[in-house]
Protein chains: 2
Amino acid sequence: MTLADAIHASGKRLTLQRQLVLDAVQRARHHVTAEDIARRVRAKYPRIGPSTVYRNLEALEELGYVTHTHLDDRVTRWHRADSHPHGHLVCRSCGGETEVRPPALEAMARRLRELYRFEPDLAHSAIVGICRRCRDVPSQ
Amino acid sequence: MTLADAIHASGKRLTLQRQLVLDAVQRARHHVTAEDIARRVRAKYPRIGPSTVYRNLEALEELGYVTHTHLDDRVTRWHRADSHPHGHLVCRSCGGETEVRPPALEAMARRLRELYRFEPDLAHSAIVGICRRCRDVPSQ
DNA sequence: GAGCCTATCGCGAAGCGTCGCAATAAGGTG
DNA sequence: CACCTTATTGCGACGCTTCGCGATAGGCTC
């Protein structure tokens with residue numbers, strides 16, 4: 001199913017702004033912020049406002065084209081939905097990020113399904129803690 | 001060690017505002033927002049501003065008296081640090097919250113320690129997903 | 001208590017994100 | 001193509017939180 005079909009089937013409309021936002025997310029390497037996206041879109045369409053970017057990201061997320069993640073700051077990161085799934089470990093001491101491989105996520109998810117019958121999305125929010133390097137350096 | 005001692009030892013000062021903020025967090029049942037706290041403090045000290053509340057929460061957190069948690073909205077929740085530790089499951093469909101008991105947290109934490117030598121704080125951010133009720137009702 | 005140093009305060013501004021509203025335009029129909 | 005319905009846009013305003021700045025006031029010394 002093409003983008004046009006998917007959008008059409010959902011009752012949404014295919015606007016230039018929406019195409020440009022999707023394009024910017026798909027071209028991005030990883031985890032871009034809304035402002036990153038706005039900047040890229042403005043190169044071709046300078047009049048776009050922040051709310052249009054946010055609303056289009058939300059619409060494209062509903063359609064399954066993009067996803068967002070929260071690291072430990074208050075900025076939302078966006079990426080294409082078809083990239084490989086992974087979680088994030090963020091160190092509250094040095095700010096460093098580590099990717100969590102799907103098997104570890106799956107093992108943790110299984111436990112939550114068993115105990116709470118809750119289907120978790122462990123890639124949605126980073127797990128905060130202390131990374132191996134900072135753990136090995138007790139003070140400082 | 002009393003509050004006065006702890007504050008003194010850290011080089012901080014014991015202001016009326018700081019005492020009132022701590023008091024408000026300690027009296028609160030659970031998970032209050034900064035605005036909740038501000039409202040309570042204003043009852044006794046109307047001139048307090050939002051930034052003072054935030055800065056005091058941060059200072060009290062450094063001292064180990066309070067902690068904060070992120071659910072799935074963009075509002076930070078605060079609570080006393082000596083309450084029993086627990087995680088949160090938040091349903092992205094109905095918004096409902098479930099508490100995760102320490103054993104489940106510990107089992108998941110162990111895996112991250114083993115695989116990544118990362119010491120996670122699994123109570124810091126809620127785990128987002130689909131709760132048992134919404135999972136059992138496929139459409140709607 | 002007077003005086004000093006500086007942590008803290010209140011305030012205003014700014015950043016990220018959301019929302020309401022009037023204007024625009026996408027996607028139909030005839 | 002003219003016309004209609006309504007999804008979407010741009011804009012301004014607001015909510016949560018952080019930050020810079022000059023004013024205030026803890027906590028100490030004498």
_Option from B/His88, B/His70, B/His68 for which ring-ring contact (aromatic ring centres under 6.0 Å, His included) with B/His31 holds_ =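 Looking at B/His88, B/His70, B/His68, the match for B/His31 under the ring-ring contact (aromatic ring centres under 6.0 Å, His included) is B/His88.
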At their closest point, which heavy atom of [X] faces which heavy atom of [Y], and how far apart are they?
X        : Y        : value
B/His124 : A/Asp72  : NE2-OD1, 3.6 Å
A/Ala104 : B/Leu115 : CB-CD1, 3.5 Å
A/Arg18  : A/Ile7   : CD-CD1, 3.8 Å
B/Thr69  : B/His79  : OG1-NE2, 3.2 Å
B/Pro102 : B/Pro85  : CG-O, 3.3 Å

Figure out the [atom1]/[atom2] separation between [X] and [N], and round it to whole Å.
X       : N      : atom1 : atom2 : result
B/Arg74 : D/dC14 : CZ    : C1'   : 12 Å
A/Leu20 : C/dA26 : CG    : P     : 13 Å
B/Leu22 : C/dT8  : CG    : C1'   : 16 Å
A/Arg77 : C/dC16 : CZ    : P     : 10 Å

Exam field: side chain [X] to backbone [Y], donor-acceptor pair closer than 3.5 Å:
X       : Y       : result
B/His30 : B/Ala28 : no
B/Asp36 : B/Thr33 : yes
B/Arg80 : B/Tyr65 : no

*asked:* Heavy atoms within less than 4.0 Å of DNA chain D: which residues of residues 2-17 of chain A have one? Give them sorted by number.
replied: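 Output list: A/Gly11, A/Lys12, A/Arg13, A/Thr15, A/Gln17.
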*For DNA chain C, which residues in residues 35-57 of chain B have a heavy atom at a distance below 4.0 Å?*
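Heavy-atom cutoff 4.0 Å gives B/Tyr45, B/Arg47, B/Ile48, B/Gly49, B/Ser51, B/Thr52, B/Arg55, B/Asn56.
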*Near DNA chain C, under 4.0 Å by heavy atom, which residues of residues 63-73 of chain A?*
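Heavy-atom contacts with DNA chain C come from no residue of residues 63-73 of chain A; none.
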*Gap between atom CD of A/Gln17 and atom CZ of A/Arg55 - 0.5 Å precision*: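 Atom-to-atom, A/Arg55:CZ and A/Gln17:CD are 10.5 Å apart.
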